[in-house]
Amino acid sequence: MPLGMKITSCASLARPSLLLVQCDLPAFAFHGPQLISISTPCISSNCMKRCGLVMKIHSSVAGRTRSSTSKGVSLSRGDKYNREQNVNPSFYTHPSLLELKNERIANRARVYEFLKGIGIVPDELDGLELPVTVEVMRERVDFLHKLGLTVEDINNYPLVLGCSVKKNMVPVLDYLGKLGVRKSTFTEFLRRYPQVLHASVVVDLQPVVNYLQGMDIKPNDIPRVLERYPEVLGFKLEGTMSTSVAYLVGIGVARREIGGVLTRYPEILGMRVGRVIKPFVEYLGSLGIPCLAVARLVEKRPHILGFGLAERVKPNVKLLLECNVRQKSLANVIAQYPEIMGIDLEAKLFSNRSFLNSIVETSPEDFGRIMEKMPQSVSLSEKAIVRHVDFLKECGFSVEQVRKMVVGCPQLLALNIDIMKLSFDFFKSAMGRPLDDLVAFPAYFTYGLDSIVKPRHKMIARKGVKCSLAWLLNCSDEKFEDRMNYDSIDLEEMEEDSSFHLDSLMKPRAQASDSDSDINYE
């Protein structure tokens with residue numbers, strides 16, 4: 001049985017010895033020979049010999065493996081430089097960050113050199129993403145030239161060179177064209193607002209167009225609004241645009257009139273309420289024009305909001321006062337002719353005053369009354385004034401009578417002379433009145449001959465009524481009908497002043513009428 005025990009012990013050692021021989025060779029490269037201790041109560045001499053053989057084999061294999069591996073490691077370190085020299089770097093290496101940076105600097109330098117060569121100053125382009133090649137930059141510059149932009153235009157806004165032709169310029173211009181903006185206006189459009197080329201059609205442009213349509217601007221008018229004021233495409237919907245409109249509605253501009261106001265003068269959308277609109281309204285209020293009257297003026301002539309308050313409006317008001325326009329009359333003067341606040345008034349005002357004095361001998365006070373009754377006279381040409389004065393003289397009026405007539409009704413200097421001739425011929429032939437009646441009521445020439453003068457003269461002639469021209473003409477048709485139905489006619493009845501009244505702006509729109517509706521200007 002001892003032999004059996006030995007055989008059993010040897011059999012139990014056979015498995016680990018085989019495992020030691022078949023282990024992964026690279027794993028032994030970093031480990032020395034290992035001694036295996038077998039705890040067995042009784043081991044024969046044959047088994048010991050066999051175990052020793054296994055240990056020798058293990059040690060021998062490990063040694064060879066370690067030796068060969070060590071040589072491989074040594075060779076790889078020694079040949080590292082040679083192998084890197086022989087391998088193609090395009091496959092196994094990448095440019096360093098420094099190399100990439102230097103390459104970008106070189107590319108930008110070449111692009112800058114190209115721009116300088118054609119006269120464009122690239123100083124403001126630092127930090128802006130630009131094409132990496134001169135060819136792409138040349139394509140952008142050529143495209144801008146085709147749109148009509150010059151080198152000077154590009155220098156005024158060099159950031160336009162950061163816009164891609166395909167990604168930015170073409171989509172924006174296509175969208176504007178589809179809206180109806182005329183291609184013939186693209187050049188001026190981009191000169192005024194080149195930033196539009198940076199915009200996103202969906203994110204930036206379409207919301208603004210939708211907002212304008214929501215303000216009752218008709219789709220057909222959108223292109224004209226954009227052509228007149230392209231900067232509107234850069235405004236935020238919740239910013240200046242909404243507040244300016246809300247303020248105008250707040251002072252009395254009718255909501256249904258907003259669309260027309262913005263169509264005629266879209267610059268309002270870019271005006272700050274606190275800096276521009278509100279101070280303007282409040283200043284007119286200080287002159288005696290209520291907010292509601294200002295609102296009516298804005299509805300009719302929205303461009304007056306663009307008159308510079310400090311630069312133009314206040315200096316012009318001061319000039320009017322210097323030319324004998326009375327403080328109490330300023331409100332009527334401005335309400336009657338709002339443009340007087342924005343024109344270059346000084347030269348016209350003093351020249352006009354001097355010329356009237358030379359031909360009809362008006363005094364400074366006379367000129368003040370003329371301006372109060374018809375401030376538009378400041379814009380009349382000297383040729384027109386001479387022609388009308390000569391006509392009155394040909395009718396038989398003296399210079400003094402002409403002076404009184406012009407001061408009493410300055411509109412005589414602006415009426416159509418052919419119509420005045422017809423009215424004067426009827427006055428002489430059919431009415432048979434003295435010239436003094438016209439001197440007393442020169443506004444006779446401002447009434448329609450066929451619509452008012454002839455029918456009313458016929459009625460009083462039939463009744464045998466004797467009255468002044470003012471009593472006959474200076475009233476409404478309804479009022480005249482009442483006069484004709486009186487049992488007795490009070491010829492001393494107070495007559496209405498035919499001059500412009502600020503209150504006419506405060507009437508409901510159905511009753512409001514243009515103060516110049518009966519005047520036929522040349």
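Nothing fancy with the numbering, it's 1 onward along the sequence.
No side-chain donor-acceptor contact under 3.5 Å links R403 to the backbone of S398. The backbone N or O of V325 lies less than 3.5 Å from no partner atom in the side chain of S329, so there is not a single donor-acceptor pair. Using modelled atom types, one side-chain atom of N316 and one backbone atom of I343 make a donor-acceptor pair closer than 3.5 Å. Side-chain atoms of E346 never come within 3.5 Å of backbone atoms of L319 as a donor-acceptor pair (strictly under, hydrogens ignored). Between the side chain of R456 and the backbone N or O of L472, at least one donor-acceptor pair lies under 3.5 Å. At distances below 3.5 Å, at least one donor-acceptor pair connects side-chain atoms of D366 with backbone N or O atoms of S363. A donor-acceptor pair under 3.5 Å is absent between the side-chain atoms of N352 and the main chain of K348, judged by distance alone. A donor-acceptor contact shorter than 3.5 Å is absent between the side chain of Q336 and the backbone of P375. No donor-acceptor pair under 3.5 Å is formed between the side chain of N155 and the backbone N or O of E152. Side-chain atoms of Y444 come within 3.5 Å of backbone atoms of S423 as a donor-acceptor pair (strictly under, hydrogens ignored).
Other residues, nucleotides and ligands place no more than 12 heavy atoms under 6.0 Å from the NZ atom of K318. Atom CD of E361 is surrounded by 12 or fewer heavy atoms from other residues, nucleotides or ligands within 6.0 Å. Few gaps surround CD on E282; more than 12 heavy atoms of other groups in view lie less than 6.0 Å from it.
In this structure, F480 CZ and L473 CG are separated by 8.5 Å, a value rounded to the nearest 0.5 Å. One finds the CG atom of L449 at 6.5 Å from the CG atom of L422 (value rounded to the nearest 0.5 Å). Annotation: the span from L262 atom CG to R228 atom CZ amounts to 11.5 Å, rounded to 0.5 Å. Here the CG-OG distance, from L349 to S377, works out to 9.0 Å after rounding to the nearest 0.5 Å. Between the NZ atom of K183 and the CG atom of L173 there is a distance of 9.5 Å, given to the nearest 0.5 Å. To the nearest 0.5 angstrom, L237 atom CG is 10.5 Å from L269 atom CG.
The shortest heavy-atom contact between V209 and Y175 is CG2-OH, 3.6 Å. M420 approaches L415 most closely through the heavy-atom pair SD-CB, 3.7 Å. A pairwise comparison of heavy atoms in K393 and V399 identifies CE-CG2, 4.0 Å as the closest pair. Annotation for E382 and S351: closest pair OE2-OG, 3.9 Å, computed over non-hydrogen atoms. Between S379 and Y337, the shortest heavy-atom contact is OG-OH, 3.2 Å. Scanning both residues, C475 and R483, for their nearest heavy atoms gives SG-NH1, 3.7 Å.
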**Request:** Would you sort out whether M341 and L284 count as a side chain to side chain contact (heavy atoms under 4.5 Å, CB included), showing the intermediate values?
**Result:** CA-CA 11 Å; M341 296 184 293; L284 294 188; 3.6 Å; yes

**Message:** Could you walk me through whether F445 and M405 satisfy the side chain to side chain contact (heavy atoms under 4.5 Å, CB included) test, starting with their C-alpha distance in whole Å, then the side-chain angles of each, then the deciding distance to 0.1 Å, before giving a yes or no?
**Reply:** CA-CA 11 Å; F445 289 101; M405 294 174 72; 4.2 Å; yes

**Item:** Test log, rule side chain to side chain contact (heavy atoms under 4.5 Å, CB included), inputs F441 and C409
**Value:** CA-CA 8 Å; F441 190 70; C409 182; over 6 Å; no

**Asked** Do R255 and D216 pass the side chain to side chain contact (heavy atoms under 4.5 Å, CB included) test, and can you show the C-alpha distance, the side-chain angles, and the key distance before you say yes or no?
**Response** CA-CA 9 Å; R255 184 63 182 81; D216 296 331; 3.5 Å; yes

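No side-chain N or O of H303 forms a donor-acceptor pair with one of E267 less than 3.5 Å apart. If you check the side chains of N357 and S354, you find no donor sitting under 3.5 Å from an acceptor.
Between F424 and F391, the angle of the ring planes goes over 60°, which puts this pair in the perpendicular group of the 30/60° scheme.
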